[in-house]
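One structure below.
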There are 2 protein chains.
Amino acid sequence: MPLERIVAAAVQIVDEEGAEALSMRTLAQRLGSGTATLYRHFENRAALVAHVVDRMFGGIGIGIGDDELAAMGWRDACRTTVQAMFDAVSRHRNVAPLLVEGIPVGPNAMAVRERCIAALLADGFPPRVAAHTYATLSRFVLGFAIQIRGHHGADRSDGDGEASTAFRAADPSRYPATAAVSDWLPVPLEDEFRFGLELLLDGLGRLREDG
Amino acid sequence: MPLERIVAAAVQIVDEEGAEALSMRTLAQRLGSGTATLYRHFENRAALVAHVVDRMFGGIGIGIGDDELAAMGWRDACRTTVQAMFDAVSRHRNVAPLLVEGIPVGPNAMAVRERCIAALLADGFPPRVAAHTYATLSRFVLGFAIQIRGHHGADRSDGDGEASTAFRAADPSRYPATAAVSDWLPVPLEDEFRFGLELLLDGLGRLREDG
DNA sequence: ACCTGAACACCGTTCAAGT
DNA sequence: ACCTGAACACCGTTCAAGT
């Protein structure tokens, strides 16, 4: 009863039926076993979720070597890493809600962190700033990731559906400024993400010049 | 059976016992009623949660007039607004996990958005950039907010407890860069927040100069 | 030693029955 | 018309009993 097989089945459930469909019962059933058996491998549901999350982080960075990443400079290295994290979550939209549990500390998440921080240090960032930078960038990804909803594709009424209608239904006399920009609200998540990422990178660049 | 009383009781439960303690049953019990009665005021639990979340947004911006905020310029207006949002979540740490449901669209959340976007427009930001800016800033707050855990005070082993021990236990030969900055990981949330906020504001300032 | 059926104490939601 | 007890179909977790 390899642990790997349990996690794979769990990921399969999340990808196919959503995060809320992953219960100890549904998982045990898919494995042809009982719920109690699962507790021999995971202390609780949170531990299982942590493994599922880290498996998603395993899909990041394939095809880019550590040296290659370090050679491209802090700016491109950060951009590539953060964008890859966002893409990974986008590919596994249903896993996103599971990220609320806490800071990912599985081996794959650790590897991603390591590569990004290494690139920053290699470019001369002081350790304290490098730590702050990665923390901020990953928190930024998280803020976007957890609100990625719905199934893949061009479904406009995804999770922002309620928000979208709320913005359009808002009283223009009460919310004139919001109404003035409502054509651009809610911002498509991918665009919004890249916009914010470039802001952060510009801010980092300026911080580096001044320091 | 005023709706206001139900929401107040719900907030009380969340503040006192945590977000996970808020169930239709516990809420009905505190009100001396049955669960079915609640469904006459809220379509489902998500609607109840939305009201609880918006009540937290109601605590933002007391003491600062709209004109006063608009007069301080986009940079200070954004900083004040975003910091106030973060502070509000910090004051109601237990409410934070409820933010994952979606973009807040209650009246209080709308008011905060309106004031911030108005300040941006008043300072000459194009509508599209203003929309992107507020979206990015609020997403940024969200990323931090949902990982604020534990009870108020100086409990160091809060939610980052597992992460903290994981960083220190990490093999330095496998994760040399992470180990090199581990003294600064995990970054205290308040510091990390202000660091990232200034990066975003610097990036925005540069964007404005160039455009 | 390893596994598991059945139970415990919970959920959100609904509906027939009461006032 | 308004309210609600009781039920339905689920949860995570545990433990005594089986092999």
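Bear in mind that the values here come from a model prediction, so they are computed numbers and not experimental data. To find a chain, count down the sequence lines: A is the first, B the second, and so on, and within it residues start at 1.
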Starting from [atom2] on [N], measure out to [atom1] on [X] and report it in whole angstrom.
X	N	atom1	atom2	result
B:L31	D:dG5	CG	P	13 Å
A:L27	D:dT13	CG	P	13 Å
A:R40	D:dG12	CZ	P	19 Å
A:H41	C:dC3	NE2	P	7 Å
B:E20	C:dG12	CD	P	12 Å
A:E17	D:dC11	CD	P	11 Å
B:F42	D:dC3	CZ	P	14 Å
B:L38	D:dG5	CG	P	12 Å

Checking contacts here: which listed nucleotide ([options]) is nearest the side-chain heavy atoms of [X]?
X	options	answer
B:Y39	C:dC3, D:dT13, C:dT14	C:dT14
A:N44	C:dT4, D:dT13, C:dG12	D:dT13
A:M24	C:dC15, D:dT13, C:dT4	D:dT13

What distance do B:F86 atom CZ and B:L189 atom CG have between them, rounded to the nearest 0.5 Å?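 Going from the CZ atom of B:F86 to the CG atom of B:L189 covers 4.5 Å.
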Only pairs with both distances under 3.5 Å count, Watson-Crick or wobble alike; so what is the partner of C:dA9 in this structure?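 Its partner: none found.
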Using both distances under 3.5 Å as the test, list the Watson-Crick or G-U wobble partner of C:dC2, or none. D:dG18
Between the side chains of B:R115 and B:E68, is the shortest nitrogen-to-carboxylate-oxygen separation below 4.0 Å, so that they form an ion pair? no
May I ask you to evaluate whether [X] reaches the phosphate of [N], defined as a side-chain N or O under 4.0 Å from OP1 or OP2?
X	N	result
B:T37	D:dT4	yes
B:R25	C:dC10	no
A:R45	D:dT13	no

Toward the 5' end of DNA chain C, by each residue's nearest nucleotide, B:A36 or B:L22: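 Nearest nucleotide further toward 5': that of B:L22.
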Which label fits B:F193 and B:F144: parallel for a plane angle under 30°, tilted from 30 to 60°, or perpendicular past 60°? perpendicular
On DNA chain D, check which nucleotide each of A:T26 and A:E43 is closest to and give me the residue with the more 5' one.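 By nearest-heavy-atom nucleotide position, the 5'-most residue is A:T26.
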If you take all heavy atoms of A:L197 and A:F140, which pair is closest and at what distance?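 Nearest pair, atom of A:L197 first, then A:F140: N-CZ, 3.6 Å.
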Looking at every strand, decide which applies to B:T35 at a 4.0 Å heavy-atom threshold: base, sugar-phosphate, or nothing. base
For the residue pair A:I6 and A:L31, establish whether any side-chain heavy-atom pair is separated by less than 4.5 Å.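 In short, these two side chains touch, coming nearer than 4.5 Å.
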